[in-house]
Amino acid sequence: MTLRPIAVLALLLTAPVAAAAQTPPTTAPQEETEFLQNPVSDYLSKQQAGPQAPEADSGAATTDGADETTADGRTVDLAYGAYQRGLFLTALAYAIPRAENGDTAAQTLLGVLYENGKGTQQNLKDAANWYRIAARNGDREAQFRLGTMYLEGQGVEKDRKRAMDLFEEAAKAGQPNAMFNIGIAYLDGDDRPRSVPRAAEMFAKAAEAGIADAQYAIAQMHMLGVGRPIDQEKATEWLGRAARNGFVDAQVEYAIRLANGKGTARDDGAAIAWFERAARAGNPVAMNRLAHMYLLGRGGTYDPAEPAKWHLVARQLGLSDLQLDGYWESLPQDVQNRAKDLAANWILGK
């Protein structure tokens with residue numbers, strides 16, 4: 001989980017630029033707005049609660065939870081290994097004695113099991129207690145998870161200051177999501193003194209650690225010259241990394257830059273591929289931009305019902321486009337009917 005849904009782009013636009021020479025123009029360049037104005041995105045980390053397809057679990061742990069040493073000398077964490085395989089009862093049975101004997105990793109694992117109701121009934125207070133013990137022992141994951149519980153008031157009384165302090169501890173220990181959260185705190189100035197350079201530092205560390213939200217934020221900083229020098233090539237590079245990391249808004253903006261040759265060589269084929277990926281993820285802007293690419297003849301030959309389909313789906317999702325409305329009206333009835341069928345099938349998941 002991240003700190004909270006937040007419009008990072010809006011915060012960046014209110015920040016002073018690093019130097020006068022880096023001041024961005026008051027209006028966006030035309031090539032940036034041919035297809036789309038930059039979307040304002042919520043920054044929500046996609047942390048998984050656990051394995052999606054657990055194996056059958058008898059819960060029959062037959063040891064005291066100690067690590068197992070393999071024939072080649074490797075140490076295997078039996079509790080965490082069981083958790084990864086979805087054997088939550090077994091993971092619980094292995095973790096309890098280890099946690100009671102002071103094993104920090106097992107204490108954190110118990111917190112995860114109690115927080116998510118895996119292998120046991122959900123108990124947020126017990127989860128917070130185990131996280132608290134592990135956090136005091138220096139476990140960065142426990143610090144981050146306990147901070148999130150304090151932030152949201154789950155299992156503990158809501159306490160933003162305590163949450164921020166825990167995020168800070170976890171960030172110092174290198175926890176990537178905590179770094180991103182602290183970056184947001186420094187950027188908005190609500191929970192930490194406002195410091196764009198400090199926010200940029202935290203975003204950069206989280207971005208290098210693979211956090212897509214932070215990769216997108218660093219891209220925006222390089223676009224605007226806020227916290228980082230204006231560098232369109234780096235902006236595009238970070239957008240590409242966030243796009244490959246599954247961040248849908250980054251996929252849209254990366255596609256736009258590929259289509260416009262902004263910070264990279266123009267590549268219509270790659271642009272269409274990224275528009276398609278974002279469109280299939282349900283992004284209505286990507287749907288309309290994909291339709292425009294087809295209409296501009298930049299997608300090769302196409303079925304005239306295909307851009308109409310994406311326009312209809314985008315309109316169903318609340319995004320209109322006057323130019324595409326005109327295209328729709330120009331289509332013969334049989335193509336309109338086919339486009340309606342394609343749109344209906346896409347919405348129904350067929």
**Q.** Spacing of OH belonging to Y131 relative to CG belonging to L166, to within rounding of 0.5 Å
**A.** 12.5 Å
In terms of side-chain geometry, is the basic nitrogen of [X] or [Y] positioned less than 4.0 Å from the acidic oxygen of its partner?
X    : Y    : value
R140 : E169 : no
R298 : D267 : no
K309 : D303 : no
K205 : E208 : no
R145 : E115 : yes
D165 : K161 : yes
K262 : E237 : no

**Q.** Passing option when F203 is tested against F180, Y186, Y216 for ring pair (Phe, Tyr, Trp, His ring centres under 6.0 Å)
**A.**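 Among F180, Y186, Y216, the one that satisfies the ring pair (Phe, Tyr, Trp, His ring centres under 6.0 Å) with F203 is F180.
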Short side-chain donor-acceptor distance under 3.5 Å, [Y] and [X]:
X    : Y    : result
T108 : D139 : yes
R257 : Q232 : yes
Q107 : D103 : no

Q) How far apart are the C-alpha atoms of Q175 and E141, what are their side-chain angles, what is the distance that settles it, and do they pass the side-chain hydrogen bond (donor to acceptor under 3.5 Å, both in side chains) test? A) CA-CA 7 Å; Q175 211 287 344; E141 298 301 326; 3.0 Å; yes
